[in-house]
Amino acid sequence: STLSSSSAASDVYKRQWSGHDPDDDVLVYTVQVDVPGSDWVEPVVSEATGDVSHTPALPADGTYVWRVRAHDGVEHGPWSPEWSFTLDTVAPVATATGPAYSSSGTFGVTYDLDDGGGSPVQTVSLYYSTDGGGTWSYHGDDDDVESPVEVTVADGTYGWYVVATDEAGNSGDDPSDGTTPQASTVVDTEAPVASVTGPAYSSSHDFAVTYHADDTVPGSGVVSVTLHGTDDGGQAWSVYGTDLAVTGSVQVSVPADGTYGWYAVATDAAGNSGDDPSDGTAPQYTTTVDTVAPVVVATSPADGETGVY
């Protein structure tokens, strides 16, 4: 008799083969399954079947070898060559990891994979939610199974969930409505706005400059403000404060009386930032510093004069 092997595409556990007897006798097959390198001394499985397929009961996941031979009622044919297969009953674990923010609508969603030492991961499916996991939509498959997977979306907050499928057909569960995202990304392509709000005048060379910053909605949130100053109407600028709070004031010290211009620039969590003032940029706000008291001089009456006024 002659034998050849195949495996069922729909069932990784099932071993299949074909057999032929020259006399067309009815064949009974002996199937053996063992671990590699065991020399078939005590096979894990050794069973007879009249079918040309067999689903063995195996003790654990792992790599096995198997062989089969036929018996025509008179004698046994030779053992087939050894064929190997991997039993893998555990779904691979996939987890979306980020990024937390993106300043571009096109970016890569990163993920981690763990196949548990079983069969290789075949594909990773990406799902997204725009309502915190309330509802989910399928985005697509990452067939190269290499993080990240590129997406293009509009500004907003997106939840991500990835599901891996291995070559044995094991797969994690797709996210259902209400499933918590594995990771979330705030996509914010707009720079936040900052402005200086005062003071208009100061009677001291040391005073507080107040400012305010705000991000667009939906935005990633302002994380810092930088204050620039000029003493020549904006022809040249210097930095007076960095990494300032979102809204508040910064204490400054100027060397002399005069008019000083101010310009605030905000940066958000996604990395968007307004433009720093360049030479020639007009100030957002000006402060006149005047530390000299006004002088009052009496002009009448003249010395020695008397009169009724």
Linked hydrophobic residues, Val41 as query - side chain contacts closer than 4.5 Å: none

Any donor and acceptor pair, going by atom type alone, linking the side chain of [X] with main-chain N or O of [Y] inside 3.5 Å?
| X | Y | value |
| --- | --- | --- |
| Thr210 | Gly198 | yes |
| Thr110 | Gly98 | yes |
| Ser273 | Thr267 | no |
| Asp61 | Thr89 | yes |
| Thr165 | Thr123 | no |
| Asp257 | Thr291 | yes |
| Asp88 | Ser119 | yes |
| Gln182 | Ala94 | yes |
| Asp188 | Asn272 | no |
| Asp166 | Ala168 | yes |

List in chain and number order the residues that pass ring-ring contact (aromatic ring centres under 6.0 Å, His included) with [X], two or more places apart in sequence or in another chain; answer none if no residue qualifies.
| X | result |
| --- | --- |
| Tyr240 | Trp262 |
| His76 | His71 |
| Tyr101 | none |

side-chain contact (heavy atoms from CB on, under 4.5 Å) between Gln235 and Thr230, intermediate numbers included: CA-CA 7 Å; Gln235 297 307 304; Thr230 178; 5.8 Å; no

Residues in side chain to side chain donor-acceptor pair (under 3.5 Å) contact with Thr288, at least two apart in sequence or another chain: none

Answer whether the closest heavy-atom distance between the side chains of [X] and [Y] falls below 4.5 Å.
| X | Y | value |
| --- | --- | --- |
| Pro148 | Asp142 | no |
| Trp40 | Trp79 | no |
| Val45 | Leu58 | yes |

Ser195-His212 side chain donor-acceptor pair, cut-off 3.5 Å: no

Thr242 and Thr226 side chains, donor-acceptor separation under 3.5 Å: no

Cluster overlap Tyr263 with Phe207, hydrophobic side-chain contacts below 4.5 Å: no

Evaluation steps, side-chain contact (heavy atoms from CB on, under 4.5 Å), between Val52 and Ser18: CA-CA 6 Å; Val52 290; Ser18 61; 5.8 Å; no

Derivation and outcome, side chain to side chain donor-acceptor pair (under 3.5 Å), residues Asp206 and Ser253: CA-CA 4 Å; Asp206 300 313; Ser253 180; 2.7 Å; yes

Stepwise side-chain contact (heavy atoms from CB on, under 4.5 Å) test for Leu227 and Val252: CA-CA 10 Å; Leu227 180 67; Val252 300; 4.2 Å; yes

side-chain hydrogen bond (donor to acceptor under 3.5 Å, both in side chains) contacts in which one or both residues fall within residues 153-163, not counting sequence neighbours: Asp155-Thr189, Trp160-Thr185

Verdict with reasoning, Val33 to Arg67, per side-chain contact (heavy atoms from CB on, under 4.5 Å): CA-CA 7 Å; Val33 180; Arg67 65 181 183 175; over 6 Å; no

